[in-house]
Amino acid sequence: MKLARNLILIGLLVALSVWLWRYFHPSPQDAIRRRLADVARTASYTEPGGLFARAAKAQKLASYFAPEIAVRIDLPDQTRHEAASRDEIMQRMLALRTFSRSFKLELLDPNITVGADGKSASVDLTLRAETPADQYQIVQEIKCTLRQIDGEWIIIRVETIRTLNRAPSPPRRGTPALA
Amino acid sequence: MQTEPCQTRQPSWLRTILIGRNPRRTLIRIVVIVVTCFLLRAFVVIPIRVSGPSMLPTYRAGSVNFVNRLAYLRQEPQRGDVVAIRLAGESVMFMKRVIGLPGETVSFSRGRFLINGRPLDEPYVKFACHWDFVPDSSKLSDDEYYVVGDNRTMPPTDHTQGGAKRERIVGKVLR
């Protein structure tokens, strides 16, 4: 009985140690997953907040991206959203908070491929963005390219993946609402 | 000399309701049910909640349906099947009807879907449709299915549709 109890205790200690080790030394995949969750959490909001809070959030969101970034997303509603710098992302985020009372961003099902050097990665994921107050929702598959700089995974490129091919393509409407 | 009958304590009614008269048997039942649900969810059916109007009137927004993962193990998707198409994963999927099969040339003319130039009879389309377009490179490849919703009242560009690779088709939606 005592032996069994000791074995269970040792097992629990080993599991706790492994969990702590993995928490503080995450694999690239885990680190990227955490980073994407942070991006989604920072971009989402339930109320616009004050001026300083908005600016802080927008600045924090921008810090997840490289200073020179290539964002080009073609959404199902035929709008194209482009951004080439952190500043643009900040401005878009501030504009969004001005126009919409709430916003929810989810980055779902990330399929992560880490490069051979271990310092770059490509992630295919499903982006779901909605403004609950306006009942407006977008679902789009995208590809993010990340690079590890000073130990942090930074997004350097975002582009669209077309889930369905051969869709009719009309003239584009340029209504940049979000990056 | 008197002897009193030995009294056995009856389990309370609350305990009987919660864990049954035989807790071990109840536990086994719970484990079997949980494992069965897990296996069904992982390998057989996926519950989905419909969002958006593109499959009206066949499927309404907010309704709950199931996708049969095993439907296309032994056969390929058929014309008229309603299928679930995955994006990056299965958290969010498109729910569309297969109307064009691999190798076919597809287009819309005066609201009717044409396969190799011939109109397709579509009894499930109940609302008026005025689509008139030829998709980019209208011949479907060998592993591509043309999918579209039943509600074609909106302009074609506002309706998510197009060629879906076979590998993206997760299963058939059950009615």
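Order of the sequence lines sets the chain letters (A, B, ...), proteins ahead of strands, with each chain counted from 1.
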A/Glu106 versus chain B, heavy atoms under 4.5 Å apart: side chain, backbone, both or neither?
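The answer is neither part of A/Glu106.
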Part of A/Ile161 within contact of chain B (heavy atom distance under 4.5 Å):
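For A/Ile161, the side chain is the part near chain B, not the backbone.
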B/Val125 and B/Val147: same hydrophobic cluster, using ILVMFWY side-chain contacts below 4.5 Å?
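No: no chain of side-chain contacts under 4.5 Å links B/Val125 to B/Val147.
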Should A/Leu125 and A/Val39 be counted in the same cluster of Ile, Leu, Val, Met, Phe, Trp and Tyr side chains packed under 4.5 Å apart?
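Same cluster.
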Do other residues, nucleotides or ligands put more than 12 heavy atoms under 6.0 Å from [X] [atom1]?
X        : atom1 : result
A/Phe99  : CZ    : no
A/Arg157 : CZ    : no
A/Arg101 : CZ    : no
B/Arg25  : CZ    : no
A/Leu51  : CG    : no
A/Arg34  : CZ    : yes

Which atoms of B/Ser141 approach chain A - backbone, side chain, both or neither, heavy atom under 4.5 Å
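For B/Ser141, heavy atoms of backbone and side chain both lie under 4.5 Å from chain A.
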For B/Lys165 versus A/Asn165, what's the shortest heavy-atom pair and its separation?
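Result for this residue pair: CE-ND2, 4.1 Å.
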Can you tell me how far CD of A/Glu130 sits from OG of B/Ser51, rounded to the nearest 0.5 angstrom?
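B/Ser51 OG to A/Glu130 CD: 8.5 Å, rounded to 0.5 Å.
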Within residues 82-101 of chain B, residues adjacent to chain A where the heavy-atom gap is under 4.5 Å:
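Within residues 82-101 of chain B, near chain A: B/Ile85, B/Arg86, B/Leu87, B/Ala88, B/Gly89, B/Glu90, B/Ser91, B/Val92, B/Phe94.
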